[in-house]
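Whatever order the structure lists them in is the order used to number ligands and atoms, beginning at 1.
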Amino acid sequence: MIVLGIETSCDETAAAIVTGDRKILSNVVLSQLDEHRPYGGVVPEIAARAHLDHIDRLVSQAMQEAGIGFADLSGVAATGGPGLIGGVIVGVMTAKSIAAVHDLPFLAVNHLEGHALTARLTDDVAFPYLLLLVSGGHCQLLLVEGVGRYALLGSTIDDAVGEAFDKTAKMLGLPYPGGPSLEKAALQGDATRHDLPRPMLGRPGCDFSFSGLKTAVRHIAEALPRPLPQREQADLAASFQAAAAASLVNRCRNAMTALADSHPEVRTLVVAGGVASNQTIRAALTGLCADHSYSFVAPPVKLCTDNAAMIAWAGIERLRLGLTDGLDFAPRPRWPLDPDAISKQPRATARPRQTA
Ligand code: KG4
Ligand code: ZN
C-alpha cells in the first residue's frame, strides 16, 4: 500500500508518500513563516494563496523523491479539516483531482486524527492509548481506542497551549513563531525566578486553562522596562514554560488515575501536535510516565509539527478499513475527533490557530 498525503490546513504546505509497512518515502514541508511574519500570526487569505501557489510543485517533488508514479499509488489523502477553510479547500481539491484522474480512492483525513495516529507510524503503538494532543489550535486529552474511535477526556476552557506559547512569546517581544522562540529563550533562563500560577493544579478532571498563566506573565512584563532586557525575557520564558509543563503533567496524571479504574489496559501515553516538540514538556511527561509505569511515546519533532506524512499514514489506516470518501466530500473548518463530547465540552476547543 502506498498513499500520497497532502496537508494545507494552516501555514505549512506539505506532501508526503508513506507505505503500509510504515516507511516514509518522502516528506516535503514548505513553511509559510516568511509570508506571515510581518503580521505576527497566520493570515488565512495569504495562507490559502500560498498553498495554491506551491501545492502542485510540492506534490511533484514528493512523488519524485519517493521515486514513484501516480500508477503506484493506492490512494490519495488530504486534510479535510479542521483548519483554515481556504487552505483546506486547496488541499482537498488537489487530492480529489489526482484521485479522479488516476481512478484512485480519495481519503479526507481529520488533521487531528493525523496527529493522533502518528505514533503508530513512528513507533507501531497498539490501541488503546492515552493521547495528549497539544497544538496551536487544540489542547485535548483523548482516549484513542481505534481509527475513528476517540473519547474526549478533557480540553481547554480558554487558550490552546500552543496559542498560549505564541501569545506569551509576543508579549515578551520574542520573534515569530512564538513557541519555538520561547523554548529557545527559556534555555538561558531561570525557571524558578517567577512563581507563576500552575493552571488547574489540584482541580479534578482533565480540562486545561492557560489564560490565567498568560495574564500573570503580562502583569510581570508590564512592570518591566521596554524593550525587555534579554535576562528578563529568558527568566519569564523559562518560568512560563515550567508552569505550562506542570499543568499539562497534572492534567495527564488525572487522566491516568481515572483510566486506572475504567480502562486499566491503557498503559501508553502518546504526545502529539506542534507543542509536543518542546523538550521541557517531553521531559516532564517522561517523568510522569515513569511514576505511573506508563510507556511514553513522542514522535520525532519533524512529525510533531504539521506535516503530510501523518495525513498519508492516517489515510493508510482508513483505507485498510475501507473508510474512503466520495469526491463530494465538503471540507470541514470544524471537525471534532469525538463528536459525542461536543455537548459536554467546555467552550471554544476547536478554535483555529491564532490569526492576525
Ligand atoms: O501542530 P502544529 O504544527 O499546528 C497546529 O495544528 O496548530 O502546532 C503549532 C503550534 C504553535 O502554537 C507553535 O508555537 C507550537 O505548536 N510549537 C511549540 C514548539 N514548536 C511549535 N510550542 C512550544 N515549544 C516548541 N518547541
Ligand atoms: Zn497540527
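Under the 4.5 Å side-chain criterion, counting only non-hydrogen atoms from C-beta, T305 is not in contact with E12. Side-chain contact check for L142 versus L112: every heavy-atom pair is 4.5 Å or farther apart. For the pair T19 and V3, the minimum side-chain heavy-atom distance is 4.5 Å or more. Residues M256 and Y294 meet the side-chain proximity criterion, which asks for heavy atoms closer than 4.5 Å.
A donor-acceptor pair shorter than 3.5 Å can be found between the side chains of E7 and S9. Counting only N and O atoms by type, the side chains of Y150 and E113 include a donor and acceptor under 3.5 Å apart. Side-chain polar atoms of S211 and D159 form no donor-acceptor pair below 3.5 angstrom. Between the side chains of T13 and Q32, a donor-acceptor pair is found at a separation under 3.5 Å.
In terms of modelled atom types and a separation under 3.5 Å, the side chain of E163 and the main chain of A160 share a donor-acceptor contact. For R253 (side chain) and H292 (main-chain N/O), no donor-acceptor pair under 3.5 Å exists by modelled atom type.
For D306, heavy-atom contacts with ligand 1 shorter than 4.0 Å involve the backbone as well as the side chain.
Geometrically, ligand 1 and T305 share no nitrogen or oxygen pair separated by less than 3.5 Å. Inclusion of G179 in the set of residues having an N or O under 3.5 Å from an N or O of ligand 1 is warranted. Among the atoms of E12, none of the N or O lies under 3.5 angstrom from an N or O of ligand 1. Inclusion of G162 in the set of residues having an N or O under 3.5 Å from an N or O of ligand 1 is warranted. Considering backbone and side-chain N/O atoms, G274 comes within less than 3.5 Å of an N/O atom of ligand 1.
Looking only at N/O/S atoms, H111 comes nearest to the Zn ion (ligand 2) through NE2. Taking the N/O/S atoms of D306 in turn, the shortest distance to the Zn ion (ligand 2) belongs to OD1.
Under 2.8 Å from the Zn ion (ligand 2) lies an N/O/S atom of H115, whether from backbone or side chain. None of the N, O or S atoms belonging to C10 lies under 2.8 Å away from the Zn ion (ligand 2).
Ligand 1 places these atoms under 4.0 Å from at least one heavy atom of G137: 7 (O).
Ranked by closest heavy atom to atom 7 (O) of ligand 1, the top entry among G136, C10, G83, G273 is G136.
Look at H111 and you'll find a heavy atom under 4.0 Å from some atom of ligand 1. For the pair H115 and ligand 1, a heavy-atom separation below 4.0 Å is found. Distances from ligand 1 to the non-hydrogen atoms of P177 include no value under 4.0 Å.
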